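What follows is one structure encoded as structure tokens, with my remarks underneath.
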Protein chains: 2
Amino acid sequence: MENLIKVFKALSDSNRVRILKMLENKELCVCEISDVLKLANSTVSKHLSILRDAGLISDFKDGKWVNYSLRVSPESVYTKELLSLIKNWLPDNSVIKADKSSLGSCDRNNICKN
Amino acid sequence: MENLIKVFKALSDSNRVRILKMLENKELCVCEISDVLKLANSTVSKHLSILRDAGLISDFKDGKWVNYSLRVSPESVYTKELLSLIKNWLPDNSVIKADKSSLGSCDRNNICKN
DNA sequence: TTTACATTTCGTTAATTAACGAAATGATGT
DNA sequence: ACATCATTTCGTTAATTAACGAAATGTAAA
């Protein structure tokens, strides 16, 4: 139960849902997401840790970058089924569409200069 | 999007999930739920209004009672699909099972004397 | 029209949460 | 070793939320 609540809490913030929908396109690093959401890196990092603790995303290091992606084989039935529902939701939402198109035209090496 | 977040927020409280699981058995009034959850009536009433505003439950008057039930024909795809997922979840959870068995042996007319 | 009682609303309090900037951490390449 | 820069952690603040009791509301029966 505790686990299920943790997943729902992770999903009940619009910035975190935007992150999940962005990750449908491709894996992303913290500062790419910060750039699209217009949030401080530290804020995005916290959101990502909440999504990871809920089992919704994975992270792996690539040099100095940390790449985040949707969790491919979620261990819990909750995250597995919810991720697959969410993939079909909000297809026409204007914010989500704008986020995804922002991502199209962005080069990590230009965007991410602290 | 706003609507989806509202649904996830409604689901991200364990007392509200317990209420939804109780309602799988039968429709219930505020004080029956208060009795099982050991919460004040006003608190339960608030939880129910959050679930209703999210489109997850319906209420209808029956004399001095207000009966709450799972929403049979949810208008949004979110609530429709989520309710059907949740129905299959937590089948063996001890808290949920205890809640449901509490409900078995309770007569609204005895329990509900403010 | 009282009385009884289920429910909701209101006001308050304690706990949780999202946000930020600054400082700490970790890894790459000079 | 040092500089660079992505990321995380920390401390703080403002906003949200769950809980309660008390008061208000609404309905049914005496």
Side-chain angles (χ1 to χ4, degrees), chain A residues 1-2 5-20 23 27-54 56-69 106-114, chain B residues 1-2 5-20 22-23 27-54 57-69 106-114:
Chain A
M1 165 94 107
E2 208 174 297
I5 299 300
K6 187 188 283 188
V7 177
F8 281 137
K9 270 194 205 299
L11 293 171
S12 61
D13 177 277
S14 61
N15 284 318
R16 288 195 288 270
V17 170
R18 287 171 72 184
I19 291 173
L20 289 180
L23 291 177
E27 64 196 36
L28 297 168
C29 67
V30 170
C31 58
E32 286 172 308
I33 296 169
S34 301
D35 188 69
V36 174
L37 298 183
K38 308 295 179 205
L39 291 175
N41 283 1
S42 58
T43 304
V44 170
S45 179
K46 181 77 171 119
H47 281 312
L48 288 165
S49 80
I50 290 169
L51 289 169
R52 187 187 47 221
D53 290 352
L56 292 160
I57 63 175
S58 318
D59 57 351
F60 54 97
K61 286 221 166 114
D62 174 23
K64 68 179 171 179
W65 311 92
V66 178
N67 287 313
Y68 287 88
S69 63
C106 93
D107 175 4
R108 169 181 300 198
N109 290 294
N110 292 333
I111 288 174
C112 303
K113 306 282 178 191
N114 282 347
Chain B
M1 166 92 109
E2 207 174 297
I5 299 301
K6 189 189 281 189
V7 177
F8 281 137
K9 271 194 204 297
L11 293 171
S12 61
D13 176 278
S14 62
N15 284 319
R16 289 195 287 269
V17 170
R18 287 171 72 185
I19 291 173
L20 289 179
M22 284 193 263
L23 292 176
E27 65 196 35
L28 296 168
C29 66
V30 169
C31 57
E32 287 173 307
I33 296 170
S34 302
D35 188 69
V36 174
L37 298 183
K38 308 296 180 204
L39 291 174
N41 283 0
S42 58
T43 304
V44 170
S45 179
K46 182 75 172 124
H47 280 313
L48 289 165
S49 80
I50 290 169
L51 290 168
R52 186 189 47 221
D53 289 353
I57 63 176
S58 317
D59 58 349
F60 53 96
K61 285 218 167 116
D62 174 23
K64 67 178 171 181
W65 312 92
V66 178
N67 287 313
Y68 287 88
S69 63
C106 94
D107 175 4
R108 170 182 297 198
N109 290 294
N110 291 332
I111 287 173
C112 304
K113 305 282 178 193
N114 281 349

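Nothing here was measured: the structure is a model prediction, and the numbers come from that model. Reminder, nothing fancy here: chain letters follow the sequence lines and each chain counts from 1.
- Residue B/Leu48 is the one, among B/Leu48 and A/Gly63, whose nearest nucleotide of DNA chain C lies closer to the 5' end (criterion: closest heavy atom).
- Between the side chain of B/Lys6 and the backbone N or O of B/Ala54, no donor-acceptor pair lies under 3.5 Å.
- Put simply, the side chain of B/Arg108 never gets that close to the backbone of B/Cys31: no donor and acceptor are under 3.5 Å apart.
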Going 5' to 3' through nucleotides 17-23 of chain D, assign each nucleotide B (protein heavy atom under 4.0 Å from a base atom), S (under 4.0 Å only from sugar-phosphate atoms) or - (no protein heavy atom that close). SSSBBB-

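- Counting heavy atoms from C-beta outward, B/Leu23 and B/Ile57 have side chains that approach closer than 4.5 Å.
- The separation between B/Phe8 atom CZ and D/dT16 atom P is 21 Å, rounded to whole Å.
- Atom pair A/Trp65:CH2 and D/dT7:P shows a separation of 6 Å (rounding to whole Å applied).
- With sequence neighbours left out, the side chain to side chain contact (heavy atoms under 4.5 Å, CB included) criterion links A/Val36 to A/Met22, A/Asp99, A/Ser102, A/Leu103.
- Atom CD of A/Glu32 is separated from atom C1' of D/dC5 by 15 Å (rounded to the nearest Å).
- Atom pair B/Leu28:CG and C/dT7:C1' shows a separation of 15 Å (rounding to whole Å applied).
- Between the NZ atom of B/Lys61 and the C1' atom of D/dA28 there is a distance of 12 Å, given to the nearest Å.
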Please report the C-alpha distance between A/His47 and A/Leu37 in whole Å, then the side-chain angles of each, then the deciding distance to 0.1 Å, and finally whether the side chain to side chain contact (heavy atoms under 4.5 Å, CB included) criterion is met. CA-CA 12 Å; A/His47 281 312; A/Leu37 298 183; 5.7 Å; no

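- Rounded to whole Å, atom P of D/dA3 lies 16 Å from atom NZ of A/Lys64.
- With hydrogens and angles disregarded, no donor-acceptor distance shorter than 3.5 Å links the side chain of B/Ser45 to the backbone of B/Ser42.
- A straight line from CD1 of A/Ile111 to P of D/dC5 spans 15 Å, rounded to a whole angstrom.
- To the nearest angstrom, C1' of C/dC5 lies 16 Å from CG of B/Asp35.
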